[in-house]
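Worksheet: one structure, shown below.
Both ligands and their constituent atoms are indexed starting at 1 by order of listing.
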Amino acid sequence: MPTILDKVGGVINEIEGGTYPLWIWAPVAVLGLIVLRWLTRPEPYKGVPEPPCPSKLWGHFQSAHVTPAGRHWGRYFDVYGPSIKVNAPLGLVTADPATIHHVLTTNCYSYTKSTFTRPFVKRLIGEGLVWSEGDMHKLQRKQLVPAFSQEAVNLMGPIIRDVVERCSDKVGQLMDQGNGIVDIHDIVSKTTLDVFGRVALNLDFDCIEDGSPEIRRKWRAQSNTIIKPDGFKHIAVLRAFPWIANLPVPVIQAQGDVKAVVEPLAGDIIETARRNANASSIKGNDLLSMLLRTGEMTGNRLRDNISTFIVAGFDSTSASATWCLYALARNQRVQNKLREELLAFGREPTEKDLASMAAFPYFDAVIKETLRMYPVTDAERVALEDDVVPLKFPITKPDGSKITELHIRKGDSMVIPFICSNRLNLVWGDGDNFRPERWLDEKTMPPKDQLTQGWSNLVTFSEGPRLCIGVRLALLEMKIILFTLLRNYTFSLTSDKFEVNGYFFASLIPVVKGHEEKGAYMPLRVAHYEG
Ligand code: HEM
């Protein structure tokens, strides 16, 4: 009985007027079908404006990398609106709130981190919550969420205060040693690393007193390698050929160095706890103790998540607090007004006071404005299936008609630069201005339907099922750091010409003009607050 393949082969043989064996015509037919499908595929993101490409060789990579964070895409959004299209592998670059909501919330599990981002995340922090996708993510999230409830986070308050008091004392010493100039980025990042040692593992890294040099040196080395002007080449090559991520190239594998230090520490503690105690007798308000008590997550998964919390939590929180102190140093009026409010409170605020912020309207506004202006990360996604995404801001075609939604094909990628979304001039009017007052009067805020739907209508902590799990912890820690330092010290710029720009690598790294060789650096003039 002739099969369908024999029949197709027969037809081809008839057309060709010859007789070809199956092993010749079958691959030719399959290849032909693939080429035909490829040639007739619909154009990705049809109708979306495509700004000129700055480099034939590097596309937008080089310019986006060497331009301070947000400015490369931001200036296109000012001209073309918040949806633009660029060459693969980036695809759609969007700050449109409706698209963002659809991708991050409504249809979150139909979009995954890209083939570039996932191996990078795995090397950096392991196969924990940030790395996981789909059902695995839902399960891990369910197991971990109780450890990040407001109640659980409030219990971490005393640990954070203890470390931050040490930080405040150290700032005084550094001030004396450095003629009043202190690298705020360095001391705040040591502080948050110490906080995370304690709140994640109940372990004292003692970074404030220059302990645990290995973790600090490795983190600094890897971020400073990537933010160098030619660091984009590593990223561009990895994006084009994601399989390279597995090669034993030092600059690539260095991205796993911090995990390599943290993981054995977490692994040892988990193993000791498993051997020595029954779960209910484990004491401590740190994340590991809490998770060991619930017993829902064990072994390597638990270890990878503890390592995830440290790496995802310490640098993002430290960068946010550092940018806040910088913004206050640039805006003395705001700093004075804020300090007045903090001192007027008259007693030590409890964790509850800090969580509600009802007593601190201006502090609340300053924190929101900092996290609007300086979101420390952004997102990339790849569609797992064909989809249609809505646009809040329709695209006007040359013939005057409007595009109100975009057709996405399986495999299409997109970039969501959070910093541009939070500063979109179309929405905020003066997106690049640090103006906490905008949060104090709802009438001066943009309409809600033009904003994203994450924490405080910002996308800083993402939104939807993958909203940052550590948001409450990050906010409490930031508030304790700022409250403590502003009560004791004043901060100002070192000179009128001081210029600092942010560059992305795992967080928003401050780089000072004229001191680029130092990498991450934020020198500020610090003095005791005399009252
Ligand atoms: C100001 C500080 C912080 C900012 C701005 C921030 C921002 C973010 C953002 C934007 C995401 C989503 C990433 C994505 O899906 O592509 C995220 C996820 C995450 N963050 Fe944070 N984060 C901060 C602090 C923290 C802290 C303190 C922790 C502590 C453990 C933490 C742990 C995580 C984890 C585990 C995820 C993955 C959540 C999931 O996929 O379900 N973050 N964070």
Nearest-neighbour protein heavy atom for [atom], which is reported as residue plus atom name and distance:
| atom | answer |
| --- | --- |
| atom 5 (C) of ligand 1 | Val376 CG2, 3.5 Å |
| atom 36 (C) of ligand 1 | Val130 CG2, 3.6 Å |
| atom 21 (Fe) of ligand 1 | Cys468 SG, 2.3 Å |
| atom 35 (C) of ligand 1 | Ile469 CG2, 3.5 Å |
| atom 27 (C) of ligand 1 | Phe196 CZ, 3.3 Å |
| atom 32 (C) of ligand 1 | Ala312 CB, 3.8 Å |
| atom 24 (C) of ligand 1 | Ser316 OG, 3.3 Å |
| atom 6 (C) of ligand 1 | Phe461 CD2, 3.7 Å |

ask   = Step by step, would you call Trp73 with His60 a ring-ring contact (aromatic ring centres under 6.0 Å, His included)?
value = CA-CA 9 Å; Trp73 304 123; His60 286 262; 5.3 Å; yes

Check each atom of ligand 1 against the heavy atoms of [X] and keep those under 4.0 Å away; list them by number with element.
| X | value |
| --- | --- |
| Phe148 | 30 (C) |
| Ser462 | 10 (C), 12 (C) |
| Phe418 | 10 (C) |
| Arg141 | 38 (C), 39 (C), 41 (O) |
| His137 | 39 (C), 40 (O), 41 (O) |

So, 4.0 Å and heavy atoms of [X]: is ligand 1 close enough to count as a contact?
| X | answer |
| --- | --- |
| Phe314 | no |
| Lys113 | yes |
| Glu380 | no |
| Arg381 | yes |

query = Salt-bridged, Arg409 to Asp386, with N to O below 4.0 Å?
reply = no

task = May I ask you to say whether Lys122 pairs ionically with Glu127, meaning some side-chain N is under 4.0 Å from a carboxylate O?
result = yes

Atom pair CG/CD1 of Leu325 and Ile481 - distance to nearest 0.5 Å = 8.5 Å

Phe196 side, atom CZ; Ile310 side, atom CD1 - distance, nearest 0.5 Å = 8.5 Å

message = On the six-membered ring of Trp455, is Arg472 placed so that its NZ or CZ lies under 6.0 angstrom from the centre and within 45° of the ring axis?
response = no

query = With a distance cut-off below 6.0 Å to the six-membered ring centre and an angular limit of 45° from the axis, does Lys518 pair with Tyr521 as a cation-pi contact?
reply = yes

ask   = For ligand 1, is any non-hydrogen atom under 4.0 Å from Leu129's backbone (N, CA, C, O), its side chain (CB onward), both, or neither?
value = both

request  = Starting from the C-alpha separation in whole Å, work towards a yes-or-no answer on side chain to side chain donor-acceptor pair (under 3.5 Å) for His72 and Ser63.
outcome  = CA-CA 7 Å; His72 177 77; Ser63 181; 2.9 Å; yes

Worked check of salt bridge (Lys or Arg N to Asp or Glu O under 4.0 Å) between Asp194 and Arg198 = CA-CA 6 Å; Asp194 279 352; Arg198 299 270 303 273; over 6 Å; no

ask   = Using the benzene-type ring in the case of Trp, are the ring centres of Phe345 and Phe363 under 6.0 Å apart?
value = no

task = Grab the two heavy atoms, one from Asp183 and one from Ala520, that are nearest each other, plus how far apart they are.
result = OD2-O, 4.5 Å

inquiry  = Does the protein come close to atom 13 (C) of ligand 1 - that is, does one of its heavy atoms sit below 4.0 Å from that atom?
reply    = no

query = Is the closest side-chain heavy-atom distance between Asp286 and Ser289 below 4.5 Å?
reply = yes

ask   = Hey, looking at atom 10 (C) of ligand 1, which of Val311, Asp315, Thr460 has the closest heavy atom?
value = Thr460

